[in-house]
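Following: one structure in structure tokens, then a few remarks.
Remember, it's 1-based here, ligands and their atoms both numbered in the order they're listed. All residue numbers refer to positions in the sequence shown, counting from 1.
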Amino acid sequence: MVKIGTTLSPVGKKALLCGSGELGKEVAIELQRYGVQVVALDRYENAPAMQVAHKSYVVSMLDGARLRAIIEAEKPDYIIPEIEAIATDTLLELEAEGYHVVPTAKATKLTMNREGIRRLVAEELGLPTSPYRFASTREEFAEAIEAIGMPCVVKPIMSSSGHGQSVVRSAADIDRAWENSQSGGRAGAGRVIVEGFVDFDYEITLLTVRHCGGTSFVEPIGHYQQDGDYRESWQPQPMTPSVREQAEAIARRVTDALGGWGLFGVELFIKGDKVIFSEVSPRPHDTGMVTMISQDLSEFALHVRAILGLPIPNIAFHGPSASRAVVVEGDTDRVVFGNLENVLSEPDTQMRIFGKPEVQGHRRLAVLLARAATVEEAREKTGRAYAKLQIDVLDRGAEK
Ligand code: AMP
């Protein structure tokens with residue numbers, strides 16, 4: 001029997017969110033809809049999920065001892081990672097001691113870096129991926145490029161959102177790609193993956209939910225990436241029945257291998273009638289923000305429902321939809337979004353402002369959402385909304 005007691009009382013449930021970005025913020029809101037107490041962690045103050053959580057800690061989640069101390073003090077019913085950069089060995093230990101890590105500590109460990117998940121999917125499960133080699137030194141890097149051939153894609157094994165990622169098209173790009181990978185990775189300089197460039201027709205995220213009643217898939221999400229970072233996503237991505245079947249079969253095998261209950265974002269490349277595995281996140285995915293307008297249960301609601309052991313008998317799809325990331329550039333702690341009365345003037349449009357306190361370089365601060373009769377119209381609608389959005393990047397310390 002699934003039970004949830006009074007919030008903030010000894011009989012209530014408590015979730016610890018490891019990572020407090022925009023995705024974590026939505027997960028926090030969904031948890032609170034079921035009366036679950038939310039404790040949010042991140043490495044800086046006023047991170048988006050902290051602003052809606054009951055309690056928060058500023059901590060490096062790569063610091064296993066600090067993470068353990070917080071978990072032992074809070075005794076959460078659920079430990080919910082929102083990011084990859086976490087002391088996953090500590091999560092493995094805590095799981096062995098009886099804590100519930102979402103979806104499993106093994107899933108967080110294997111997906112923390114690109115090597116663990118790539119070896120599992122390609123070498124253990126034998127599923128199709130791009131050809132790849134790993135390299136830790138400049139010398140190994142040269143050998144890897146030689147073996148894979150050009151063009152190829154270089155990524156730090158610990159990175160996301162395109163940081164440190166580049167495409168090597170000719171010998172002239174090799175030095176720059178190595179330098180970039182050594183400065184752009186999450187944990188500083190280190191190991192990289194060199195992947196054969198996949199000249200795909202399109203790429204999708206297949207959100208896959210493992211829950212008490214089995215595995216469910218949502219309508220496939222197509223997306224457009226710029227510099228390895230998502231800019232636009234839409235749903236449903238049209239696919240032939242046989243490609244969709246292959247995509248679901250791959251997603252099922254990968255998520256079964258990772259185990260546990262929760263939502264996964266399975267990233268796949270499609271070329272002709274072939275489906276190639278790219279990556280998986282054992283948690284909501286940024287391209288899945290489109291589900292905040294396209295479905296009755298968003299990817300965040302589905303994640304929480306699965307985690308809590310609640311059934312997911314159906315996922316109602318409201319129709320073709322699109323999302324557009326609002327990425328702001330500058331060095332500021334003051335951004336003002338303007339002309340919002342016109343941005344949201346069309347029917348079936350929404351906007352989420354994440355509440356991030358500052359920008360250094362470029363950062364995704366908000367998302368525009370729209371629903372329409374077709375995916376093309378939905379994308380045009382978010383495009384029009386984006387064109388109307390006024391973004392004022394003020395100097396640090398500027399007055400109102
Ligand atoms: P990732 O961080 O691995 O999800 O990569 C970000 C984006 O870069 C992907 O969504 C693709 O658009 C592109 N990309 C990554 N790997 C490859 C590849 N092997 N071939 C072609 N494009 C890629």
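- The only member of Glu219, Arg371, Gln235 that meets side chain to side chain donor-acceptor pair (under 3.5 Å) when paired with Ser294 is Gln235.
- For the pair Arg379 and Trp234, the distance from NZ or CZ to the six-membered ring centre is under 6.0 Å and the angle to the ring normal is within 45 degrees.
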- prompt: Hey, mind stepping through Gln246 and Arg244 against side-chain hydrogen bond (donor to acceptor under 3.5 Å, both in side chains) and telling me if it holds?
  reply: CA-CA 5 Å; Gln246 279 181 64; Arg244 184 153 174 180; over 6 Å; no
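- Looking from atom 4 (O) of ligand 1 to the surrounding protein, the closest heavy atom is Glu279 OE1, 2.9 Å.
- When the heavy atoms of Glu203, Arg114, Glu267 are ranked by distance to atom 2 (O) of ligand 1, first place goes to Arg114.
- Within the structure, ring pair (Phe, Tyr, Trp, His ring centres under 6.0 Å) contacts touching residues 86-134 (residues at least two apart or in different chains) are Tyr78-His100, Tyr132-Phe134.
- Under a 4.0 angstrom heavy-atom cut-off, Phe200 registers as being in contact with ligand 1.
- Figure legend: cation-pi geometry between Arg231 and Tyr224 absent, as NZ or CZ is not positioned both under 6.0 Å from the six-membered ring centre and within 45° of its axis.
- Seen from the ring of Phe141, Arg176 does not count as a face-on cation partner, given the 6.0 Å and 45° thresholds.
- Open room surrounds CD on Glu146; 12 or fewer heavy atoms of other groups in view lie less than 6.0 Å from it.
- Among all protein heavy atoms, the one lying closest to atom 20 (N) of ligand 1 is Val198 N, 2.8 Å.
- Among all protein heavy atoms, the one lying closest to atom 17 (C) of ligand 1 is Phe269 CZ, 3.6 Å.
- Considering each of Lys155, Gln226, His223, Glu195, the one bringing a non-hydrogen atom nearest atom 19 (N) of ligand 1 is Glu195.
- Below 3.5 Å of separation, one finds an N or O of Gln165 facing an N or O of ligand 1.
- Against a heavy-atom cut-off of under 4.0 Å, Gln225 is close to the following atoms of ligand 1: 6 (C), 7 (C), 10 (O), 12 (O).
- Using a 4.0 Å cut-off between heavy atoms, Val153 contacts ligand 1 through its side chain alone, with no backbone atom that close.
- The closest approach between Gly196 and ligand 1 falls below 4.0 Å for a heavy atom of the residue.
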